[in-house]
Amino acid sequence: MEKGVPIANLFGDEQKWLGKTVIVQGWVKTRRDSKAGVCFIEVNDGSTLKGLQVLAEEDKNYAGLLAKVTTGSAILAEGVVSASPGKGQRIELRAERIHLYGSADPATYPLQKKRHSFEYLRQIAHLRPRTNTLGAAARVRSRLSFAIHQFFQLRGFHYIHTPIITASDCEGAGEIFRVTTLDPTRPLAGGVSEDPYRGDFFARPAFLTVSGQLQAEIFALALGKVYTFGPTFRAENSNTSRHLAEFWMVEPEMAFHDLGDDLEVALAFIRHLVEVVLNECEEDVEFFGRFIDSELPARLQNAAKSSFEVITYTDAVDILKRSREGFVYPVEWGIDLQAEHERYLTEKVFGGPAAIIDFPRALKPFYMRVNDDEKTVAAMDILVPGTGEIIGGSQREERLEMLLEQMRLKGIPADDYRWYIELREFGSAPHSGFGLGLERLVQFVTGIPNIREVIAFPRTPGHAEF
RNA sequence: UCCCCGGUAGCUCAAUGGCAGAGCGGGUGGCUGUUAACCACUAGGUUGAUGGUUCGAGUCCGUCCCGGGGAGCCA
């Protein structure tokens with residue numbers, strides 16, 4: 001099959017392509033007719049935001065085809081790259097040949113030239129990647145995913161594939177999805193006395209993972225530095241612009257790293273990702289700045305350059321208590337910081353991203369390392385303006401006795417975590433890690449307000465279409 | 001799950017309890033190296049569902065469904 005030149009390449013070096021005959025393949029974004037015998041077809045192939053103006057003339061042998069080349073159609077155009085006398089573009093393609101792969105009925109094609117609401121586009125998730133905003137978000141997400149691998153691979157991390165189906169309700173991080181082959185509409189044959197998992201696929205309770213961290217720890221204590229990057233699932237009934245039931249998470253885990261090292265890696269990581277977006281997704285960032293969030297470019301510049309503030313939970317509580325802000329949730333040492341508190345810290349106190357460390361022991365999961373004060377744990381949250389928490393991490397408890405005490409205090413059955421405990425019995429070592437929600441990162445670097453727009457097929461309570 | 005706001009033409013939205021409307025999109029015609037093109041004409045409606053109040057309900061009340069914003073939970 002014929003292969004065209006990506007339109008991004010043409011715009012990337014216009015001088016080089018001028019006068020050359022090329023093929024482009026893509027979808028008609030819009031079409032402007034002129035009775036002077038010319039027709040302007042804007043073609044977008046997804047390689048870049050901007051479309052290429054293809055000039056079709058009515059005296060060419062493809063003239064009979066033009067009536068069907070409507071908005072949304074898939075076409076091939078071959079012709080000479082020429083300087084454009086018109087305004088909005090420097091180059092255009094003067095078509096010698098046009099092939100129509102698939103037409104689109106203008107009466108029923110759901111995408112119009114004008115702006116649609118995100119709510120409407122969500123109902124046509126099979127067509128919305130063709131819009132400017134969703135297309136740009138998908139490109140940025142792809143570039144970020146690559147940058148995530150780059151960052152870790154270049155630093156000697158190994159990519160670990162942790163299981164999607166897990167047997168343990170890990171760390172009780174929220175509600176979990178059950179995995180079963182049993183038919184919920186058919187009652188158990190043996191009645192209430194029967195083992196409900198007899199006849200089920202795994203012959204025991206099984207769930208979709210909420211985190212790959214515990215398994216990543218296994219490999220950190222063998223390969224040194226590892227990371228997982230994959231889908232995770234939460235069955236929380238959360239209806240907000242920041243939550244999904246299925247989302248992607250990056251979780252590095254590093255042996256012989258304490259919380260300070262962990263924080264250093266996390267901050268370098270964020271900075272690297274923001275720099276990649278600024279340097280390699282310029283056009284898309286400029287688009288988001290113009291149509292989605294005017295403060296975005298400045299915020300990204302700020303995040304790439306300025307140093308992140310790092311303060312302890314205890315200091316953060318002091319700052320909040322001294323402030324004269326009328327918080328809905330009163331601040332006291334020991335409370336979980338609320339969205340309003342996080343917003344106040346990032347937006348009013350620091351004016352940028354911030355990291356909070358050393359949280360009260362009672363607030364955090366059993367695996368976090370207890371500090372010498374015995375009241376706090378070596379945890380960190382990285383907060384960004386707008387999105388809130390984007391990274392959560394900690395140094396893990398490597399001391400057997402302390403881990404067992406933590407599990408007792410939090411009511412975690414040791415029997416379910418034999419393997420996790422054994423990691424502390426056989427060659428235990430200090431180690432740390434963190435988790436970053438990919439979708440929240442994409443929200444942060446694009447300014448897109450609703451998380452349902454930064455993932456192709458959002459799963460939320462009551463919604464699993466496509 | 002809780003609080004607030006909303007659901008009217010394909011899309012985005014108007015309409016004191018009193019004739020169902022506009023812009024865009026579609027169709028037809030005109031004009032033009034066009035740029036969210038422009039001009040004229042035209043088709044297009046069970047006002048989310050259901051029950052009630054009223055001479056009369058898009059509008060008021062009850063219930064339900066769906067969407068948005070905020071909160072909680074979290075990444």
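Residue numbers start from 1 in every chain, and the chains themselves are labelled A, B, ... in the order their sequence lines are given, proteins ahead of strands.
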Work out how far the [atom1] atom of [N] is from that of [M], and round it to whole angstrom.
N     : M     : atom1 : answer
B/C31 : B/G68 : P     : 47 Å
B/G70 : B/C13 : C1'   : 24 Å
B/A43 : B/G10 : P     : 16 Å
B/C39 : B/C24 : C1'   : 16 Å
B/G56 : B/G17 : C1'   : 8 Å
B/U53 : B/C61 : C1'   : 7 Å
B/C19 : B/G25 : C1'   : 27 Å
B/G58 : B/U8  : P     : 15 Å

- Message: Distance alone, cut at 3.5 Å: any donor-acceptor contact between the side chains of A/Arg234 and A/Thr232?
- Response: no
Considering Watson-Crick and G-U wobble pairs with both distances under 3.5 Å, what does [N] pair with?
N     : answer
B/A37 : none
B/C11 : B/G23
B/G62 : B/U50
B/A71 : B/U1
B/U32 : none

- Would you confirm whether A/Lys225, through its side chain, and A/Arg155, through its main-chain N or O, come within 3.5 Å as a donor-acceptor pair?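 Indeed, once roles are kept as given, a pair shorter than 3.5 Å links the two residues.
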- Message: For A/Ser238, is there any backbone N or O sitting under 3.5 Å from a side-chain donor or acceptor partner on A/Thr240?
- Response: no
Starting at atom [atom1] of [X], determine the distance to atom [atom2] of [N], rounded to an integer number of angstrom.
X        : N     : atom1 : atom2 : answer
A/Gln89  : B/A36 : CD    : C1'   : 14 Å
A/Asp105 : B/G25 : CG    : P     : 16 Å
A/His116 : B/G25 : NE2   : C1'   : 9 Å
A/Arg290 : B/A36 : CZ    : C1'   : 13 Å
A/Arg115 : B/C13 : CZ    : P     : 12 Å
A/Ile451 : B/G70 : CD1   : P     : 13 Å
A/Gln123 : B/G68 : CD    : C1'   : 13 Å
A/Leu55  : B/G33 : CG    : P     : 12 Å

Please check if the distance between the ring centroids of [X] and [Y] is under 6.0 Å.
X        : Y        : answer
A/Phe308 : A/Phe350 : no
A/Tyr417 : A/Phe366 : yes
A/Phe327 : A/Tyr344 : yes

For a quick check of understanding: with a heavy-atom distance under 4.0 Å over all strands, which category does [X] fall into, base, sugar-phosphate or nothing?
X        : result
A/Thr108 : nothing
A/Arg343 : sugar-phosphate
A/Tyr120 : sugar-phosphate
A/Arg94  : base
A/Leu244 : base
A/Glu92  : base

Should the side chain of [X] and the base of [N] be counted as holding a donor-acceptor pair, with the cut-off at 3.5 Å?
X        : N     : value
A/Ser238 : B/C74 : no
A/Glu57  : B/G33 : no
A/Glu42  : B/U35 : no
A/Gln112 : B/G10 : yes
A/His243 : B/C74 : yes

If you only use heavy atoms from C-beta on, which nucleotide in [options] is closest to the side chain of [X]?
X        : options             : answer
A/Glu119 : B/U34, B/A71, B/G68 : B/G68
A/Gln53  : B/U35, B/G26, B/G68 : B/U35
A/Pro106 : B/C11, B/U35, B/G27 : B/G27
A/Ser84  : B/C74, B/A71, B/G33 : B/G33
A/Asn237 : B/C73, B/U1, B/G10  : B/U1
A/Glu236 : B/U12, B/C73, B/G68 : B/C73

[N], OP1 or OP2 - any side-chain N/O from [X] closer than 4.0 Å?
X        : N     : answer
A/Arg242 : B/G69 : no
A/Thr240 : B/C74 : no
A/Thr30  : B/A37 : yes

- Task: Return the 5'-most residue of the pair A/Asn239, A/Gly88 with respect to RNA chain B, ranking by each residue's nearest nucleotide.
- Result: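 Its nucleotide being nearer the 5' end, the pick is A/Asn239.
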- Task: Between A/Tyr329 and A/Arg32, name the one whose nearest nucleotide on RNA chain B is closer to the 5' end.
- Result: A/Arg32
- Using the salt bridge (Lys or Arg N to Asp or Glu O under 4.0 Å) rule, take A/Glu439 and A/Arg242 through it: C-alpha gap first, then chi angles, then the decisive distance, then the call. CA-CA 8 Å; A/Glu439 285 76 15; A/Arg242 303 181 307 281; over 6 Å; no
- Item | Side chain proximity check, A/Phe207 to A/Phe177, heavy atoms < 4.5 angstrom | no
- Candidates A/Glu397, A/Lys364, A/Arg361, A/Arg369 - the one meeting side chain to side chain donor-acceptor pair (under 3.5 Å) with A/Gln406: A/Arg361
